[in-house]
Each structure stands twice: as C-alpha cells, then as structure tokens.
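Note that this is a predicted model, so its numbers are computed, not measured.
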Amino acid sequence: MKKILDKIIEGVLTCSGFVTSITILLIILFLFTEAFGLFKSKVIEEGYVLALNKSNKVSVLNPAQIKDVFDEEITNWKELGGENLPIRVFRLEDITQYYSEEELGPAYEDVGSKITELVEKTPGIVAFVPQRFITQPDKVNFIEDNTISLKDVFAGAEWFPTATPAAQFGFLPLITGTLWVSLFAILFALPFGLSVSIYLSEVANPRVRNWLKPIIELLSGIPSVVYGFFGLIVIVPLIQKLFDLPVGESGLAGSIVLAIMALPTIITVTEDAMRNCPRSMREASLALGASQWQTIYKVVIPYSISGITSGVVLGIGRAIGETMAVLMVTGNAAVIPTTILEPLRTIPATIAAELGEAPAGGPHYQALFLLGVVLFFITLIINFSVEYISSKGVKRNK
C-alpha cells in the first residue's frame with residue numbers, strides 16, 4: 001500500500017511540474033507572438049494615406065519625420081530631400097477651408113474628387129486622408145507606407161503611440177527611465193543594506209537580531225501601492241521643497257521609494273551570506289591580532305562577496321520590475337531623462353498605465369507586449385547573473 005501511495009504522489013508531482021512548465025512556455029510563446037506582430041504593422045494609420053502633389057519627388061519618410069511635418073517642426077520639403085517648397089499640411093477636417101458645402105455636395109459625396117483636385121493643384125501639400133477619398137490615385141503621389149522597423153522602435157526617442165498620422169513607438173525613453181531609476185535606487189540602497197547586514201551579522205546581540213530581522217523581512221510583504229502612497233505624500237513634497245522644483249514627481253522620488261522596497265531583499269540575502277562565513281576564519285583573524293572591524297572587511301566581506309552581490313542583483317530585479325509605486329511618484333513622463341530630478345517613465349509603469357486602453361491586436365497593444373519582452377530579457381539577464389555569481393562563490397569557497 002505504501003509503494004502505491006508513493007507512486008501516486010510521485011505521479012502527481014510529475015504532472016504538476018509538467019503542467020507548470022507547459023504553462024510557462026505557452027505564456028512566453030503568447031508574449032513573443034503578440035509582441036513581434038508590431039513589425040508587421042504599417043507606419044501610417046490603417047486605412048489612411050499621405051498624398052502628395054504629382055511633382056513632389058519625396059516618397060519615403062520615417063515616423064519621426066512624419067510627426068515633425070504635421071507638428072510643423074519641418075516646414076520645407078528641402079529639409080526632407082525635396083524641392084525648395086513650403087509644406088502645406090492638410091487633414092480631412094480642413095476640407096471646409098477650401099470648398100463650400102455646396103461644392104462638396106449635400107451628403108458630402110464629392111469630398112473625394114475635391115481632395116484629389118486640391119492635391120493635384122497644390123505643389124507643396126501633404127494630405128492625410130482616408131485612402132478611399134483618393135478617387136484618382138494616378139494623379140497624385142504617395143508616401144510609401146512601410147512596416148515599422150527595429151530602428152524605429154529601439155532607436156526611437158519618442159513614445160507617443162496615439163499620434164497621427166504615424167504613431168511613435170520609440171523605446172529609448174522607457175528603457176533609459178527604467179535603468180536610470182533602478183541604478184540610483186541601488187546606489188541609495190546598497191550602503192544602507194550593507195550597513196544593516198553587517199550590524200545584524202557581526203555586531204548585534206542575538207536578542208536584538210531576533211527582534212529586528214523579522215521586522216525587516218516583514219517590509220517585503222507590504223503592498224507596493226502603500227509604498228507609492230508614502231512616496232507621494234512624504235517624499236515627493238520633500239524633494240520639491242528641497243530642490244525648489246515645479247513638481248516633486250521625479251526619478252529621484254522613484255529611486256528613493258524603490259531603494260526602500262529593495263532594502264529587505266538586500267539585507268536578508270547579504271546577512272545570510274555573512275553568517276555563513278565559518279567561525280574558524282573569524283577566530284583565526286582575531287587570533288592574529290586583527291580587530292573586529294578589520295576581521296569584518298578583510299575576512300567576512302571578501303568571503304561573502306558572492307552572496308552580497310547576489311543580494312544586490314536581486315534588489316535590482318525588484319526595482320526594475322516594480323510598477324505601482326513608480327507609476328505614482330515618477331511623474332509618468334515618457335522622455336529621455338538627463339538628470340535624476342526630471343519626471344520619467346519606466347517600462348512596467350507604461351504597461352500598467354496603457355494596456356487597458358490599447359485596442360486589442362493593434363500596434364499600440366503589440367508595442368506594449370514588446371516592452372514586456374524587453375523587460376523579460378532584462379529580468380532573465382539579472383537571474384542568470386545571480387546564478388553565475390552564486391556558482392562562482394560556491395566554487396571559490398570549496
């Protein structure tokens with residue numbers, strides 16, 4: 001009977017592991033499938049075209065150039081490799097500025113022919129209109145509607161997924177914002193985390209350690225939204241007043257909140273690594289005349305360096321993947337930060353804020369999934385780093 005029960009338990013555990021592995025693989029497959037659909041999407045909004053006068057020889061524009069044209073940042077075709085002509089932007093709603101309602105017809109049935117006529121007689125025009133309104137395509141030129149490229153995404157400096165006529169899916173502001181906040185969070189958390197770890201492991205008496213360590217570990221169980229509220233109410237006004245800023249929501253506020261959230265992980269892992277240092281090594285150091293502090297930084301810390309590094313890397317992983325707290329205190333501005341006092345936006349915050357509003361299956365939706373892929377690879381690299389550092393530490397200790 002015992003052998004049968006053991007076999008049943010073994011089968012249940014095997015099935016659970018198999019089902020879990022398959023589920024993880026399916027989730028990853030779904031993530032990648034949705035994400036890479038972005039590179040099959042067109043630059044110009046679906047169903048629309050950019051029509052030019054027949055004499056205009058410009059035929060290719062990237063998303064950033066299209067946006068600059070319609071934002072009137074670029075005002076002459078010469079800047080785009082064309083003739084020296086001023087650019088005249090036209091959208092469908094501008095049609096009444098050129099034609100009366102009588103000319104357009106009672107039911108606006110003549111809109112298409114009038115738009116084609118307008119493009120045909122205006123040399124510098126660029127018309128963003130529905131494709132069906134160009135009734136005579138042979139009388140106009142079109143900007144080529146290429147698919148979104150890797151360069152547009154990973155080298156793009158602007159994230160504006162709802163822009164028309166060409167959405168901007170530049171990841172640089174989000175990637176730099178994520179790394180910027182995480183870097184400063186670790187710079188803030190590491191000295192405090194290492195100091196507390198040394199105190200708990202080497203200085204504090206057992207009674208204080210047994211009282212303090214559970215409190216520190218309890219901090220990791222506090223919901224991130226609570227940290228966000230703390231940052232919004234306490235840290236943000238303090239930074240605004242201290243640095244005389246127009247708004248306190250900034251990368252610095254996010255870094256401080258993330259540093260507080262990463263501290264329990266860093267302290268716990270680092271303290272455990274230090275306590276694993278053999279007693280004989282401490283006694284040998286003291287016997288040779290070293291003081292307690294000399295023993296700590298010349299014996300304990302070098303022996304525990306792999307565990308300390310693992311704690312720091314795990315803290316980075318916690319900081320990079322955090323969503324709500326960062327969303328609440330960083331200002332949520334999708335710009336490339338130049339100082340830590342500027343508002344910024346991270347990858348997890350962007351996904352959380354925009355996924356519910358993005359039309360399912362559209363380019364915006366797919367771009368958010370691609371951000372998830374980027375975050376997945378960042379986390380994967382961090383996890384591999386922890387494994388590598390830990391294995392090196394184990395080999396050295398042996």
Side-chain angles (χ1 to χ4, degrees), residues 38 40-149 152 156-170 334 354 357-367:
L38 175 66
K40 298 178 183 178
S41 301
K42 297 292 187 179
V43 169
I44 302 171
E45 189 176 340
E46 187 178 357
Y48 285 76
V49 294
L50 291 179
L52 309 176
N53 184 269
K54 195 71 175 176
S55 63
N56 197 331
K57 301 306 178 184
V58 176
S59 60
V60 178
L61 295 177
N62 61 43
Q65 289 173 327
I66 293 173
K67 182 178 181 298
D68 287 343
V69 166
F70 280 81
D71 286 348
E72 298 184 2
E73 303 262 345
I74 297 176
T75 58
N76 196 294
W77 287 109
K78 188 177 181 181
E79 301 175 57
L80 301 171
E83 297 180 6
N84 187 15
L85 281 172
I87 298 174
R88 182 179 295 184
V89 174
F90 175 85
R91 296 176 184 267
L92 183 59
E93 56 267 25
D94 300 330
I95 190 66
T96 54
Q97 298 177 16
Y98 297 90
Y99 299 99
S100 64
E101 292 186 5
E102 291 78 11
E103 291 175 306
L104 297 174
Y108 284 79
E109 65 272 13
D110 296 327
V111 168
S113 61
K114 295 301 181 183
I115 290 175
T116 304
E117 177 187 308
L118 179 64
V119 173
E120 192 179 0
K121 71 180 184 182
T122 311
I125 196 169
V126 52
F128 172 58
V129 293
Q131 188 172 7
R132 68 179 187 275
F133 285 161
I134 303 297
T135 56
Q136 296 175 296
D138 56 315
K139 292 188 176 181
V140 300
N141 283 343
F142 296 99
I143 295 294
E144 291 181 18
D145 194 4
N146 300 316
T147 54
I148 297 170
S149 67
D152 295 335
E158 189 167 0
W159 173 264
F160 193 178
T162 57
T164 57
Q168 308 293 301
F169 295 113
E354 298 183 10
E357 301 175 359
H364 186 189
Y365 180 84
Q366 293 165 338

Participant: One pair to check against side chain to side chain contact (heavy atoms under 4.5 Å, CB included): Ile87 and Leu80. What are the steps and the verdict?
Facilitator: CA-CA 10 Å; Ile87 298 174; Leu80 301 171; 4.2 Å; yes
Participant: Okay, side chain of Lys54, backbone of Asp138: is any donor-acceptor separation there less than 3.5 Å?
Facilitator: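 Judged by distance alone, yes, a pair lies under 3.5 Å.
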Participant: Output the distance between atom CD (Gln136) and atom CD1 (Ile134), rounded to the nearest 0.5 Å.
Facilitator: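 Nearest 0.5 Å value for the CD-CD1 distance: 10.0 Å.
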Participant: How would you list all residue pairs meeting salt bridge (charged side-chain N to carboxylate O under 4.0 Å, His left out) that involve residues 77-94, not counting sequence neighbours?
Facilitator: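 Salt bridge (charged side-chain N to carboxylate O under 4.0 Å, His left out) check on residues 77-94 returns no pairs.
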Participant: In Å and rounded to the nearest 0.5 Å, what is the CH2 to CD distance from Trp159 to Glu354?
Facilitator: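 Going from CH2 on Trp159 over to CD on Glu354, the span is 5.5 Å.
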Participant: Does the pair Trp77 and Val126 meet the rule for a side chain to side chain contact (heavy atoms under 4.5 Å, CB included), with working shown?
Facilitator: CA-CA 10 Å; Trp77 287 109; Val126 52; 3.9 Å; yes
Participant: Supply the atom-to-atom distance Ile44 CD1 to Asp145 CG, rounded to the nearest 0.5 angstrom.
Facilitator: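 Reported to 0.5 Å precision, the distance equals 4.0 Å.
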Participant: Between Val58 and Gly81, which heavy-atom pair has the shortest distance, and what is it?
Facilitator: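 In this case the closest contact between Val58 and Gly81 is CG2-C, 4.4 Å.
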Participant: Give the C-alpha distance, both sets of side-chain angles, the deciding distance and a yes or no for side chain to side chain contact (heavy atoms under 4.5 Å, CB included) between Phe90 and Ile95.
Facilitator: CA-CA 8 Å; Phe90 175 85; Ile95 190 66; 3.9 Å; yes
Participant: Using only atom types and a distance under 3.5 Å, with no angle test, would you say the side chain of Asp68 pairs donor to acceptor with the backbone of Ile74?
Facilitator: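 No, because the side chain of Asp68 does not come within donor-acceptor range (under 3.5 Å) of the backbone of Ile74.
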Participant: Is there a side-chain hydrogen bond (donor to acceptor under 3.5 Å, both in side chains) between Asp110 and Ser113 once you walk through the steps?
Facilitator: CA-CA 6 Å; Asp110 296 327; Ser113 61; 4.6 Å; no
Participant: Do Gln65 side-chain atoms and Asn62 backbone N/O form a donor-acceptor pair below 3.5 Å?
Facilitator: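 Yes; judged by distance alone, with no hydrogens or angles, the pair exists.
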Participant: Whether Lys114 and Glu103 form a salt bridge (side-chain N of Lys/Arg under 4.0 Å from carboxylate O of Asp/Glu) is what I want to check.
Facilitator: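 Result for this pair is no, no salt bridge flagged.
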Participant: Could you please spell out the steps behind the side chain to side chain contact (heavy atoms under 4.5 Å, CB included) verdict for Val129 and Val119?
Facilitator: CA-CA 11 Å; Val129 293; Val119 173; over 6 Å; no
Participant: Take atom CD in Glu109; do more than 12 heavy atoms of anything else shown fall under 6.0 Å from it?
Facilitator: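 More than 12 within 6.0 Å, yes.
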Participant: Is any side-chain heavy atom of Pro137 less than 4.5 Å from a side-chain heavy atom of Phe142?
Facilitator: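 Pro137 vs Phe142: side chains touch.
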Participant: Could you state the interatomic distance from CZ (Phe160) to NE2 (His364), rounded to the nearest 0.5 Å?
Facilitator: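 It is 10.5 Å, given to the nearest 0.5 Å.
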Participant: Could you tell me which residues satisfy side chain to side chain donor-acceptor pair (under 3.5 Å) with Thr122, sequence neighbours excluded, listed by chain and number?
Facilitator: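 Partners of Thr122 by the side chain to side chain donor-acceptor pair (under 3.5 Å) criterion come out as none, since no residue qualifies.
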Participant: For the atom pair CD1 (Ile143) and CD1 (Ile66), what is the distance rounded to the nearest 0.5 Å?
Facilitator: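 Between Ile143 CD1 and Ile66 CD1, I get 7.0 Å after rounding to 0.5 Å.
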Participant: Could you tell me whether a side-chain N or O of Gln168 sits under 3.5 Å from a main-chain N or O of Ala166, the two making a donor and an acceptor?
Facilitator: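 It does hold such a pair.
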Participant: Distance check, rounded to the nearest 0.5 Å: Glu120 atom CD versus Asn141 atom CG?
Facilitator: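 Glu120 atom CD to Asn141 atom CG measures 11.5 Å (nearest 0.5 Å).
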